[in-house]
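Numbered from 1 within each chain, the chains take letters A, B, ... in sequence-line order.
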2 protein chains.
Amino acid sequence: MPMTDAQHAYVDRVATFFTMFGSARAWAEILGWLMICEPAERTQAEIAEDLGLSAGTVSTQLRAHVQLGMVEQVRVRGDRTQRYRLRPGAWFAVMSSELERIRALGDLARAGDGVLPRDRPERVTELGDLADFFAREWPPLLERMTAEREKGTP
Amino acid sequence: MPMTDAQHAYVDRVATFFTMFGSARAWAEILGWLMICEPAERTQAEIAEDLGLSAGTVSTQLRAHVQLGMVEQVRVRGDRTQRYRLRPGAWFAVMSSELERIRALGDLARAGDGVLPRDRPERVTELGDLADFFAREWPPLLERMTAEREKGTP
DNA sequence: GCATGTTTTCAACGATGCCTGAAACAAGTG
DNA sequence: CACTTGTTTCAGGCATCGTTGAAAACATGC
């Protein structure tokens, strides 16, 4: 099943968006296509065919998606080909994992304790306070997010 | 005033952290150094000297910082040299500007309305709901952040 | 086991982007 | 006006990374 013009346009929109933040073009196209392809599960060969990418590129970039937790493999018994799909709740998972990066920022700030400048030490401490604040606020925020989500899909 | 070993180590720590997310090495080193240098205001020539970077590199990467709003120029009257410093509240400003990116994600999701897949349309709509949620939650979160900040520095 | 189609790996090419060094430019000072 | 100091620009070198194409490795149904 070939892509319609509208589908192609959307994949391009998504790809343009994420490449602006430094993503590889193929990585972003695969993401966009997995958001709207039908059915939602696709093989590597199909993705390569649909998007006009080489098998090697699809293999590499798809693995990047899997490692990031955005995409998962689905095994269909009776069929030897591996299928891939956007992981249910993928977008929420991304937001959840943000907490780790917040903590890392906090660690970075605390690592500066030994070299705190006398002049405007808040250049460092501000970052620590900020990380602490978000580390505190993030879990309840995620809970509200989950509640909202389950309200939408009961 | 040359850097101490500890200062050098911290600049390296910061640089390593941000280059992991795709930043240029010099960009990240300048950021780390502007966090702890003394005094907080430095000229391009000083930064180049301190970090062992070429004048051209400092000019380019420093401008990137200025355009991102992390660094600002300070004019000292009677002195013809431009001085640069980490902008007060720089870290908070970064978090505030996050709202724009959230909105952009929401737009991206809504752009998919025309190509919503019948099979698991939540692959697209979930992203929209998420963006809406954060667009709603972000301003009050920022307010709490500001309140917290002013409590620390009255 | 064998055959078939799928997936991974890897060398090579190409593009992109960082960094430098030098030259041009600006701006005060003697 | 030269001199000094500071900043910007830009061509070129270098390294990195994405992509391809093909071959090797793999997995599964027969």
Side-chain angles (χ1 to χ4, degrees), chain A residues 11-12 14-34 37 39 41-68 70-85, chain B residues 1 11-12 14-34 37 39-68 70-85:
Chain A
V11 168
D12 190 62
V14 174
T16 301
F17 182 85
F18 284 101
T19 48
M20 278 196 347
F21 296 111
S23 305
R25 176 86 198 171
W27 184 94
E29 284 189 9
I30 291 171
L31 176 58
W33 182 225
L34 285 182
C37 65
E41 292 81 18
R42 307 237 96 183
T43 67
Q44 287 198 16
E46 285 169 347
I47 295 173
E49 166 71 18
D50 296 338
L51 296 174
L53 297 169
S54 75
T57 300
V58 173
S59 174
T60 304
Q61 300 302 332
L62 205 47
R63 174 172 27 210
H65 277 300
V66 171
Q67 283 175 348
L68 282 174
M70 286 290 294
V71 170
E72 65 185 1
Q73 308 178 355
V74 245
R75 303 182 175 275
V76 179
R77 42 174 286 160
D79 188 356
R80 80 170 154 301
T81 75
Q82 194 74 252
R83 303 192 106 76
Y84 297 84
R85 68 170 181 202
Chain B
M1 186 191 60
V11 169
D12 192 61
V14 173
T16 301
F17 181 86
F18 285 101
T19 49
M20 279 200 341
F21 295 113
S23 305
R25 178 84 197 173
W27 184 94
E29 283 189 11
I30 291 171
L31 176 59
W33 183 224
L34 285 182
C37 64
E41 291 82 18
R42 307 237 95 182
T43 68
Q44 286 197 18
E46 286 169 347
I47 295 172
E49 165 71 19
D50 297 337
L51 296 174
L53 296 169
S54 76
T57 300
V58 173
S59 175
T60 304
Q61 299 302 331
L62 205 46
R63 175 171 22 204
H65 277 300
V66 172
Q67 284 176 346
L68 281 175
M70 286 292 292
V71 170
E72 65 185 1
Q73 308 179 356
V74 248
R75 303 181 175 276
V76 180
R77 41 174 287 159
D79 189 354
R80 80 170 158 303
T81 75
Q82 194 71 253
R83 302 194 106 76
Y84 296 83
R85 69 170 179 203

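A/L34 has its side chain within reach of A/L62: a pair of non-hydrogen atoms, C-beta onward, lies under 4.5 Å apart.
Atom CD of B/Q73 sits in a crowded spot, with more than 12 heavy atoms from other residues, nucleotides or ligands closer than 6.0 Å.
Remark: C1' of D/dG6 and CD of B/E41 are 18 Å apart, rounded to the nearest angstrom. Between B/Q67 atom CD and D/dT8 atom P there is a gap of 11 Å when expressed in whole angstrom units.
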- Task: Take B/R42 and B/W33, measure what side-chain contact (heavy atoms from CB on, under 4.5 Å) needs, and give me the verdict at the end.
- Result: CA-CA 10 Å; B/R42 307 237 95 182; B/W33 183 224; 3.6 Å; yes

- Query: Does the side-chain contact (heavy atoms from CB on, under 4.5 Å) test come out yes or no for B/E49 and B/I47, once each step is laid out?
  - Reply: CA-CA 5 Å; B/E49 165 71 19; B/I47 295 172; over 6 Å; no

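In plain terms, the two heavy atoms of B/A28 and B/V14 that are nearest each other are O-CG1, 4.1 Å. Shortest non-hydrogen contact noted between A/V11 and A/G32 is CG2-C, 4.1 Å. In plain terms, the two heavy atoms of A/F17 and A/F21 that are nearest each other are O-CD1, 3.5 Å.
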- Message: How would you summarise protein contacts on nucleotides 7-26 of chain C per nucleotide, using B for base, S for sugar-phosphate only and - for none, with heavy-atom distances below 4.0 Å?
- Response: SBB--------SSBB-----

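One axis for each end of the helix from C/dG1-D/dC30 to C/dG30-D/dC1, each built from five base pairs, and the angle between them comes to 20° at 10° resolution.
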Pull out every protein N or O sitting under 3.5 Å from an N or O of nucleotides 11-16 of chain D, one pair per line with the distance.
none

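Looking at B/H65, B/Q44, B/E46, B/E41 one by one, the single match for side-chain hydrogen bond (donor to acceptor under 3.5 Å, both in side chains) with B/Y84 turns out to be B/Q44.
Between B/D12 atom CG and B/E29 atom CD the span is 7.0 Å, to the nearest 0.5 Å.
There is no side-chain donor-acceptor pair under 3.5 Å between A/T60 and A/T57.
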